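Beneath this line is the structure, given in structure tokens, with notes to follow.
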Amino acid sequence: MVQSTLKLRQPIVVVLGHVDHGKTTLLDKIRGTAIVKKEPGEMTQEVGASFVPSSVIEKLAEPLKNVIPVKLEIPGLLFIDTPGHELFSNLRKRGGSVADIAILVVDITEGIQKQTIESIQILKEKKVPFIVAANKIDKIPGWKPYENEPFTYSLKKQAAATQKSIDNYVYKLVLQLAELGFNSERFDRVRDFTKYVTIVPVSGKTGEGIPELLALLAGLTQHYMKTRLRVAEGPAKGVVLEVKEEQGLGHTIDVIIYDGILKRNDTILLGGINGVITTKVRNIFVPAPLQDMRIAKSGFRSIDEVVAAAGVKISAPGLEEALAGSPLYSVDSFEKIEEFKKSIEEEMSQVRFSKNIS
Ligand code: GDP
């Protein structure tokens with residue numbers, strides 16, 4: 001019916017895990033890999049997030065056809081650039097999170113640590129499914145690196161003892177996750193992805209395993225989250241990641257739009273220090289491509305509209321009081337204003353409440 005003709009948007013992916021387990025390195029590697037494999041017309045610029053198009057994921061996953069068959073309907077994956085649970089807490093939305101799926105990064109040689117457990121608790125509370133990236137496989141004694149290869153290929157080329165060693169480390173992780181109440185298994189042995197947490201051995205340093213990680217993130221979200229990923233063609237819904245004063249632009253907000261379409265001059269509602277802010281979008285910005293930097297002195301380029309999911313910067317009057325973590329709605333009718341106002345007030349009061357008790 002009408003619903004099924006609506007397009008699927010890119011799933012929003014966050015990266016969490018214990019300090020030093022390699023979140024930043026892994027994200028950098030994913031971004032780097034994507035840039036190398038992108039064709040010119042595939043670039044889309046984002047604020048606070050990085051887009052990896054499906055064509056890139058399909059190219060990377062090509063050698064894995066028999067392990068992870070991927071025929072992608074989603075346009076790609078949108079990675080939130082800042083890892084860790086501080087930022088994740090700003091991605092809240094009513095009844096859950098704006099994040100569709102998470103990568104839980106665990107140093108395979110160290111296993112689950114304090115902040116890994118904290119991350120799992122947060123993901124559980126917000127009902128965000130996750131894939132475990134068992135990172136730093138290149139540190140396993142005897143491991144011979146094969147830059148950017150799928151884990152499946154690299155593994156076959158390792159000595160028998162090293163293959164056994166990887167299995168032992170993964171098994172330790174499986175036991176630790178079982179203690180926390182999760183069934184888990186290495187990705188190539190998972191029979192039912194709804195019942196098992198998937199573990200993907202990777203190295204953020206050598207890029208090994210990234211093809212599988214991307215293919216699984218894309219394949220699983222597309223398969224299990226179709227309804228959630230259908231974009232409404234109506235007004236935008238988003239969440240404020242950061243409030244920033246930018247030279248020449250005044251106060252701006254960095255926003256992740258997760259549903260609908262936002263246009264210049266739209267009326268938007270969002271949470272502010274002294275209550276709900278109602279204002280009009282003056283400009284929507286994305287980072288300027290390198291060659292345009294001289295024209296766009298601020299480093300940003302203005303666009304007329306943006307379709308979910310995307311990271312954009314918005315300038316509008318009255319944003320100096322905006323609050324990071326607040327929901328943002330664009331409204332196309334007068335009646336909706338009161339409804340959304342109430343909804344934002346409710347959500348913001350819960351945030352303050354939770355801050356007070358922590
Ligand atoms: P974060 O705190 O989780 O963001 O961790 P970082 O990405 O900053 O990484 C912490 C340290 O681990 C840095 O010195 C990285 O170079 C190193 N590191 C990250 N990933 C890998 C990996 O896959 N292999 C190896 N050998 N080192 C890594």
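Predicted model, so just to flag it, every value in this text is computed and none were measured.
Residues Asn183 and Leu177 are not in side-chain contact: their nearest non-hydrogen atoms beyond the backbone lie 4.5 Å or more apart. Side-chain contact between Pro235 and Asp266 is absent, with no heavy-atom pair separated by less than 4.5 Å. Here the side chains of Phe151 and Arg186 are in contact, with some heavy-atom distance below 4.5 Å. When side chains are defined from C-beta on, Thr221 does not count as touching His223, because their heavy atoms never get closer than 4.5 Å.
Sorted by first and then second residue, the salt bridge (charged side-chain N to carboxylate O under 4.0 Å, His left out) pairs involving residues 97-108 (not counting sequence neighbours) are Arg9-Asp100, Asp100-Arg228, Asp107-Lys136, Asp107-Lys139. The stretch residues 8-31 participates, sequence neighbours left out, in these ring-ring contact (aromatic ring centres under 6.0 Å, His included) pairs: His18-His21. Counting only residues at least two apart or in different chains, ring-ring contact (aromatic ring centres under 6.0 Å, His included) contacts with residues 70-96 are absent. Under the salt bridge (charged side-chain N to carboxylate O under 4.0 Å, His left out) criterion, the residue pairs touching residues 194-223 are Asp192-Lys195, with sequence neighbours excluded. Applying the salt bridge (charged side-chain N to carboxylate O under 4.0 Å, His left out) test to every pair with at least one member in residues 255-264, sequence neighbours left out, gives these pairs: Arg264-Asp304. Within the structure, no pair that satisfies the ring-ring contact (aromatic ring centres under 6.0 Å, His included) test touches residues 232-253, not counting sequence neighbours.
Rounding to the nearest 0.5 Å gives a distance of 5.0 Å between CD1 of Ile103 and CG of Leu217. Remark: Leu91 CG to Leu241 CG distance equals 5.5 Å, nearest 0.5 Å. Annotation: the span from Thr82 atom OG1 to Glu242 atom CD amounts to 6.5 Å, rounded to 0.5 Å. To the nearest 0.5 angstrom, Phe193 atom CZ is 7.0 Å from Tyr224 atom OH. Put simply, OG1 on Thr279 and CD1 on Ile253 are 8.5 Å apart, with the number rounded to the nearest 0.5 Å.
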Would you tabulate the side-chain donor-acceptor contacts of residues 332-344 under 3.5 Å, counting partners in other chains and residues two or more places apart, or write 'none'?
from	atom 1	to	atom 2	distance (Å)
Ser343	OG	Arg94	NH2	3.3

Side chains of residues 318-326: which donor-acceptor pairs under 3.5 Å do they make with residues two or more places apart or in other chains?
from	atom 1	to	atom 2	distance (Å)
Glu321	OE1	Asn274	ND2	3.2
Glu321	OE2	Asn274	ND2	3.1
Ser326	OG	Gly271	N	2.7

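Residues satisfying the ring-ring contact (aromatic ring centres under 6.0 Å, His included) test with Phe182, not counting sequence neighbours, are Phe130. With sequence neighbours excluded, the residues satisfying side chain to side chain donor-acceptor pair (under 3.5 Å) with Asp81 are Arg31, Ser50. Taking the side-chain contact (heavy atoms from CB on, under 4.5 Å) definition, one finds that Ser315 meets it with Thr252, Arg282, Asn283, Phe285, sequence neighbours left out.
Taking the ring centre of Tyr153 as origin, the terminal cationic atom of Lys157 falls outside the region bounded by 6.0 Å and 45° from the ring axis.
The pair Lys226-Glu73 meets the salt-bridge criterion, since a charged nitrogen lies less than 4.0 angstrom from a carboxylate oxygen.
Residue Val231 is found outside any hydrophobic cluster, as its side-chain heavy atoms come under 4.5 Å of no other Ile, Leu, Val, Met, Phe, Trp or Tyr.
With Gln176 contributing its side chain and Ile112 its backbone, the two residues share a donor-acceptor pair below 3.5 Å.
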